[in-house]
There are 2 protein chains.
Amino acid sequence: MSKDIPDICELNFIHQDTVNIVRGKMPPEKPICDVAELFRIIGDTTRSKIICALRFSEMCVCDIAALLNMTSSAISHQLHMMKVAGIVISRRNGKIVYYRLADEHIEQLFNIAFEHITGE
Amino acid sequence: MSKDIPDICELNFIHQDTVNIVRGKMPPEKPICDVAELFRIIGDTTRSKIICALRFSEMCVCDIAALLNMTSSAISHQLHMMKVAGIVISRRNGKIVYYRLADEHIEQLFNIAFEHITGE
DNA sequence: TTAACGATTGAGCAAATATTCAAATGTATT
DNA sequence: AATACATTTGAATATTTGCTCAATCGTTAA
């Protein structure tokens, strides 16, 4: 019989008690992953620019494309991703689709982030 | 003589005035990219878990590795990235390096993000 | 000095991602 | 019906990225 292969988590425990306490307080896996996904989506230069623009006015796809000097296709891809993630919502008026921020949480996140990078 | 190749930004203007107004209000490129970079870094499952853990206690590399069932190398890589970004800070005590969150902005970001995904 | 060990670092690989390109929708106008 | 046009969609590509592995660094204790 071979010896049991040790779990990776048993190899190097320095503060077993701290690990156990924190493990007990940690949120479940799912909400942490959802939060990470939210940050991942707004954590892109193009999408951050789109969000910054939508803070001032709802805009249609080609206006955002013109503002950022990019193709409508690229913008549409990013807007779709943000819509699925619940970051933006859209309304159609004829041929034109207008996008705006879904709720005030997104603005709050950017306000805090700007504070962070400017050092308060 | 061939005709001028039109700029991409001149192709499809629907609301020229809106674009101009928003362009005038938009923050400069640099801070937007910095904010996007901050979100990009916390927008990863592993790094979000690390941050969630550090909300409850400062921890050393191998304790975080044990908590998340990952290698110390992987955790150290992520901590380095977060340290450069000003998200965590560290102190050394002998062989052990303890990490903690750099400031309260990071916690605020996560609080708001959790609100967002739970719908208030 | 040597050994032990927590932490760091760099190279390399597999997986994820943003944009481009081409084609297809959906709506309004002629 | 047919055209025009804003938008969407899917596939393909180039780039980015997270982890592993191995080697090294920094500190402590024998």
Side-chain angles (χ1 to χ4, degrees), chain A residues 6 8-16 18-19 33 36-51 58-85 88-100, chain B residues 6 8-16 18-19 33 36-51 58-85 88-100:
Chain A
I8 186 175
C9 64
E10 293 177 315
L11 289 177
N12 301 311
F13 270 81
I14 305 284
H15 308 95
Q16 175 79 60
T18 300
V19 173
C33 291
E37 173 75 0
L38 171 63
F39 286 134
R40 184 185 67 81
I41 290 177
I42 64 180
D44 168 80
T45 300
T46 297
R47 291 189 292 267
S48 278
K49 288 179 182 174
I50 292 174
I51 292 171
E58 79 173 0
M59 298 178 81
C60 67
V61 177
C62 68
D63 282 344
I64 299 173
L67 175 69
L68 303 185
N69 203 28
M70 297 178 62
T71 67
S72 289
S73 177
I75 299 300
S76 183
H77 275 294
Q78 306 293 13
L79 286 169
H80 174 74
M81 181 184 297
M82 291 197 282
K83 186 176 181 179
V84 170
V88 300
I89 55 181
S90 64
R91 71 178 176 90
R92 176 182 281 274
N93 189 348
K95 286 183 292 190
I96 302 175
V97 179
Y98 295 91
Y99 284 86
R100 63 178 189 275
Chain B
I8 185 174
C9 64
E10 293 179 315
L11 289 179
N12 302 311
F13 269 80
I14 304 285
H15 307 95
Q16 176 78 60
T18 299
V19 173
C33 290
E37 172 76 359
L38 171 64
F39 286 134
R40 183 185 67 80
I41 289 178
I42 64 181
D44 169 79
T45 300
T46 298
R47 292 189 290 266
S48 277
K49 287 178 182 175
I50 293 174
I51 292 172
E58 78 173 0
M59 299 180 79
C60 67
V61 177
C62 66
D63 282 343
I64 299 173
L67 175 69
L68 302 185
N69 204 28
M70 296 178 63
T71 66
S72 289
S73 176
I75 300 300
S76 182
H77 275 295
Q78 307 293 10
L79 285 169
H80 174 74
M81 182 185 298
M82 292 197 282
K83 187 175 181 179
V84 170
V88 300
I89 55 181
S90 63
R91 69 179 178 90
R92 176 181 282 274
N93 189 349
K95 286 183 290 189
I96 303 175
V97 178
Y98 296 91
Y99 284 87
R100 64 178 188 276

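Order of the sequence lines sets the chain letters (A, B, ...), proteins ahead of strands, with each chain counted from 1. Source: prediction; values computed, not measured.
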Legend entry - Euclidean distance, atom CZ of residue B:Arg47 to atom C1' of C:dA16 [Å, nearest integer]: 13 Å

Inset, instruction - Could you list the residues that satisfy side-chain hydrogen bond (donor to acceptor under 3.5 Å, both in side chains) with B:Thr45, not counting sequence neighbours? - result: none

Inset, instruction - Quick one: label B:Tyr98 by what it contacts on the DNA or RNA (base, sugar-phosphate, nothing), any heavy atom closer than 4.0 Å. - result: nothing

Identify all pairs in which a protein N or O lies below 3.5 Å from an N or O of nucleotides 26-30 of chain D, and state each distance.
none

Inset, instruction - Please state how far atom CE in A:Met82 lies from atom C1' in C:dA18, giving the value in whole angstrom units. - result: 13 Å

Please list, pair by pair, any protein nitrogen or oxygen found under 3.5 Å from a nitrogen or oxygen in nucleotides 20-23 of chain D.
from   : atom 1 : to      : atom 2 : distance (Å)
D:dT20 : OP2    : B:Thr71 : OG1    : 3.2
D:dT20 : O4     : B:His77 : NE2    : 3.3
D:dC21 : N4     : B:Ser73 : OG     : 2.7

Legend entry - Closest contact, heavy atoms only, A:Thr46 versus A:Leu68: O-CD1, 4.2 Å

Inset, instruction - List the steps and the verdict of side chain to side chain contact (heavy atoms under 4.5 Å, CB included) for B:Val19 and A:Met59. - result: CA-CA 8 Å; B:Val19 173; A:Met59 298 178 81; 4.3 Å; yes

Legend entry - Short side-chain N/O contact to C:dA16 OP1/OP2 from A:Arg40, under 4.0 Å: no

Legend entry - Length of the CD1-C1' vector between A:Ile96 and C:dT25, whole Å: 16 Å

Inset, instruction - Any pair with a residue in residues 88-98 of chain A that passes salt bridge (Lys or Arg N to Asp or Glu O under 4.0 Å), sequence neighbours left out, goes on the list, sorted by first then second residue, please. - result: A:Glu58-A:Arg91

Inset, instruction - Just compare C:dA18, C:dT19, C:dA7 and give me whichever is closest to any side-chain atom of B:Cys62. - result: C:dA7

Legend entry - Nearest-Å distance for atom pair CZ/P, residues B:Arg91 and C:dT8: 13 Å

Inset, instruction - Measure the distance from CG on B:Asp44 to C1' on C:dA15 and round it to the nearest whole Å. - result: 13 Å

Inset, instruction - Take atom CE of A:Met81 and atom P of D:dT9, then tell me their distance rounded to the nearest Å. - result: 13 Å

Inset, instruction - Decide yes or no for B:Ile64 and B:Gln78: does some side-chain heavy atom of the first lie under 4.5 Å from some side-chain heavy atom of the second? - result: no

Legend entry - Any side-chain heavy-atom pair of B:Arg100 and B:Ile89 under 4.5 Å: yes

Inset, instruction - Quick one: list whatever passes ring-ring contact (aromatic ring centres under 6.0 Å, His included) with B:Phe39, sequence neighbours left out. - result: A:Phe39, A:Phe110

Legend entry - Pairwise side-chain contact, A:Arg40 with A:Glu37, heavy-atom cut-off 4.5 Å (strictly under): yes

Legend entry - side-chain hydrogen bond (donor to acceptor under 3.5 Å, both in side chains) against A:Lys83, all qualifying residues, sequence neighbours excluded: A:Ser90

Legend entry - Nucleotide D:dT7, atom C1' - distance to OH of A:Tyr99 in whole Å: 8 Å

Inset, instruction - Grab the CG-C1' distance between A:Asp63 and D:dC5 for me, whole Å please. - result: 14 Å

Legend entry - Under 4.0 angstrom between A:Gln78 side-chain N/O and C:dT19 OP1 or OP2: yes

